[in-house]
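Values reported hereafter were calculated over all heavy atoms of this structure, with side chains retained and with hydrogens, waters and symmetry mates removed. Sequence lines set the chain letters: A, B, ... in the order given, protein chains first and strands last, and positions in each chain run from 1.
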2 protein chains.
Amino acid sequence: MSSNPKSKKQIIFQEAAELFRDKGYPATSMRDLAERVGLKPSSFYSHIKSKEEILQKICFDSAEKFTIGMKEVCDTEATNKEKLQLLIRLHIKVATEDPTTATVFNDEWRHLSEPHLSNFLALRRDYESHFLKIIEAGISTQEFKQISPSLVLYTIINSLRWLHFANKPTKELSATQIENDLIQLLLQGVEKNVL
Amino acid sequence: MSSNPKSKKQIIFQEAAELFRDKGYPATSMRDLAERVGLKPSSFYSHIKSKEEILQKICFDSAEKFTIGMKEVCDTEATNKEKLQLLIRLHIKVATEDPTTATVFNDEWRHLSEPHLSNFLALRRDYESHFLKIIEAGISTQEFKQISPSLVLYTIINSLRWLHFANKPTKELSATQIENDLIQLLLQGVEKNVL
DNA sequence: GTCTATACGATGATAGAC
DNA sequence: GTCTATCATCGTATAGAC
């Protein structure tokens with residue numbers, strides 16, 4: 001197995017993401033980051049243009065994962081129930097593949113400046129509207145219960161927002177175990193069915 | 001109905017909470033707050049001790065609501081399923097009664113300094129451990145499915161984290177409608193049962 | 001209680017030597 | 001590409017006049 005030499009730029013992005021995750025974007029200083037990377041603060045600017053460039057990359061890279069995933073789901077021939085399952089798996093995949101980035105994406109996007117903030121929100125609106133359409137379709141085919149679609153949407157999306165730290169408290173559970181339990185929980189609830 | 005004359009201190013706390021909600025705690029400056037309240041930044045310090053005092057009050061007041069609510073639930077004679085329902089109602093109540101405060105509580109607690117941060121985390125740990133016990137008990141009585149209790153805990157708690165802005169997009173839904181739909185969704189899932 | 005003035009450290013970013 | 005030195009600005013908070 002060949003070693004994986006990371007460019008200094010990649011190291012900067014990685015360390016920055018961890019700091020943003022732990023302290024939040026505004027509370028992370030370039031001096032904090034410098035110490036972590038082992039450079040003087042001024043030396044970054046040979047590699048990156050600004051602090052916000054890092055945040056932009058994190059937010060839009062993650063957004064793209066969701067956009068691509070949604071496109072795949074929409075292009076599938078499948079029931080709405082199956083599509084919803086795929087979307088839940090998509091959220092789990094993004095959150096667990098790169099938990100650091102996923103956390104920053106979730107919590108720090110609001111610190112984007114314009115026009116990046118508006119662009120980001122447009123991507124999110126688009127994603128959510130596709131998600132909503134699937135829920136609405138599933139309700140009209142009677143696959144899903146008659147519950148306000150946006151209520152279902154936000155409940156599901158947010159229910160998965162803790163996953164980024166699932167590695168620690170539930171290390172005993174395998175990734176597929178978590179996936180399957182979550183899908184059962186969200187599709188069929190906590191209550192045990194009477195047989 | 002008598003008018004409700006708010007003290008200047010109350011106004012400061014209210015405006016600060018809204019700024020913390022919108023921009024986050026570190027990104028909110030005392031100068032921002034001064035402009036909102038109509039005072040010079042230095043004038044606050046006749047009313048409050050520090051910026052962090054505001055955050056502390058918000059976080060610990062909300063934490064107390066959960067602590068009290070949990071105590072009531074634990075003191076009840078009820079099935080675990082009923083207790084879980086009560087807890088879901090508690091989260092909905094806290095989130096919708098004062099959405100601004102609830103948001104700050106949810107997202108900004110990590111900016112507390114020591115020893116407040118540790119105290120806060122201890123309260124949260126305590127709350128979660130009581131919550132977990134109820135889920136575990138419900139699993140052993142076969143009221144709930146065999147799903148990792150902490151997975152159920154975090155999924156439920158986080159699924160309700162969007163409620164603070166439920167006023168806007170779902171204004172058409174009444175509060176009790178939202179409550180009942182959410183309980184059905186979390187207890188029994190999205191899927192429509194086959195009859 | 002509110003103001004003006006200010007202390008003083010931290011901030012993101014740049015200039016220019018090497 | 002990394003450094004030292006520095007800039008301009010903003011941060012929370014205080015002192016003291018009114």
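If one axis is set at each end of the helix from C:dG1-D:dC18 to C:dC18-D:dG1 from five pairs, those axes are 0° apart, to 10°.
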Query raised in the report: Could you go step by step and tell me if B:D32 and B:R36 meet the salt bridge (charged side-chain N to carboxylate O under 4.0 Å, His left out) rule?
Result: CA-CA 7 Å; B:D32 294 335; B:R36 284 273 285 256; over 6 Å; no
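In this structure, B:L39 atom CG and D:dA13 atom P are separated by 16 Å, rounded to whole Å. Remark: C1' of D:dA13 and NE2 of B:H47 are 15 Å apart, rounded to the nearest angstrom. What separates CG of A:L33 from P of D:dT2 is a distance of 13 Å, to the nearest Å. Between B:L19 atom CG and D:dG11 atom C1' the separation is 15 Å, expressed in whole Å.
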Please produce a list of atom pairs where a protein N or O lies less than 3.5 Å from an N or O of nucleotides 9-14 of chain C.
| unit_1 | atom_1 | unit_2 | atom_2 | d |
| --- | --- | --- | --- | --- |
| C:dG12 | OP1 | A:T28 | O | 3.2 |
| C:dG12 | OP1 | A:K51 | NZ | 3.0 |
| C:dG12 | OP2 | A:M30 | N | 2.9 |
| C:dG12 | N7 | A:R31 | NH1 | 3.1 |
| C:dG12 | O6 | A:R31 | NH2 | 3.3 |
| C:dA13 | OP2 | A:Y45 | OH | 2.9 |
| C:dA13 | OP2 | A:K51 | N | 3.0 |

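For A:R124 and A:W109, the positive end sits near the middle of the six-membered ring, less than 6.0 Å away and at most 45° from its axis.
Once rounded to the nearest 0.5 Å, the distance linking CG of B:N119 with SG of B:C59 reads 12.0 Å.
The stretch residues 7-14 of chain A comes close to DNA chain D through A:K8, each having a heavy atom under 4.0 Å from the strand. Within residues 107-115 of chain B, no residue is approached by DNA chain D to less than 4.0 Å at the level of any non-hydrogen atom.
Contact check for A:E143 versus A:L84: no side-chain heavy atoms found under the 4.5 Å cut-off. In this structure, B:L182 and B:L163 have side chains that are in contact, with non-hydrogen atoms separated by less than 4.5 Å.
Judged as a side chain to side chain contact (heavy atoms under 4.5 Å, CB included), and not counting sequence neighbours, the contacts of B:T100 are B:A17, B:E18, B:R21, B:D98. Residues forming a side chain to side chain contact (heavy atoms under 4.5 Å, CB included) with A:K51 (at least two apart in sequence, or on another chain): A:F20, A:Y25, A:M30.
Nearest heavy-atom pair, A:A102 versus A:V94, reported as atom, atom and distance to 0.1 Å: CB-O, 3.9 Å.
Side-chain contact annotation: B:S50 with B:E52, donor-acceptor N/O pair under 3.5 Å absent. When only modelled atom types and interatomic distance are considered, B:E64 and B:T67 share no side-chain donor-acceptor pair under 3.5 Å.
When the shell of 6.0 Å around NZ of B:K145 is examined, it contains more than 12 heavy atoms from other residues, nucleotides or ligands.
The distance between the ring centers of A:F120 and A:H111 does not fall below 6.0 angstrom. If you look at B:F105 and B:F60, their ring centroids are not closer than 6.0 Å.
Closest to the side chain of A:K40, from the set D:dC3, C:dC3, C:dT2, is D:dC3.
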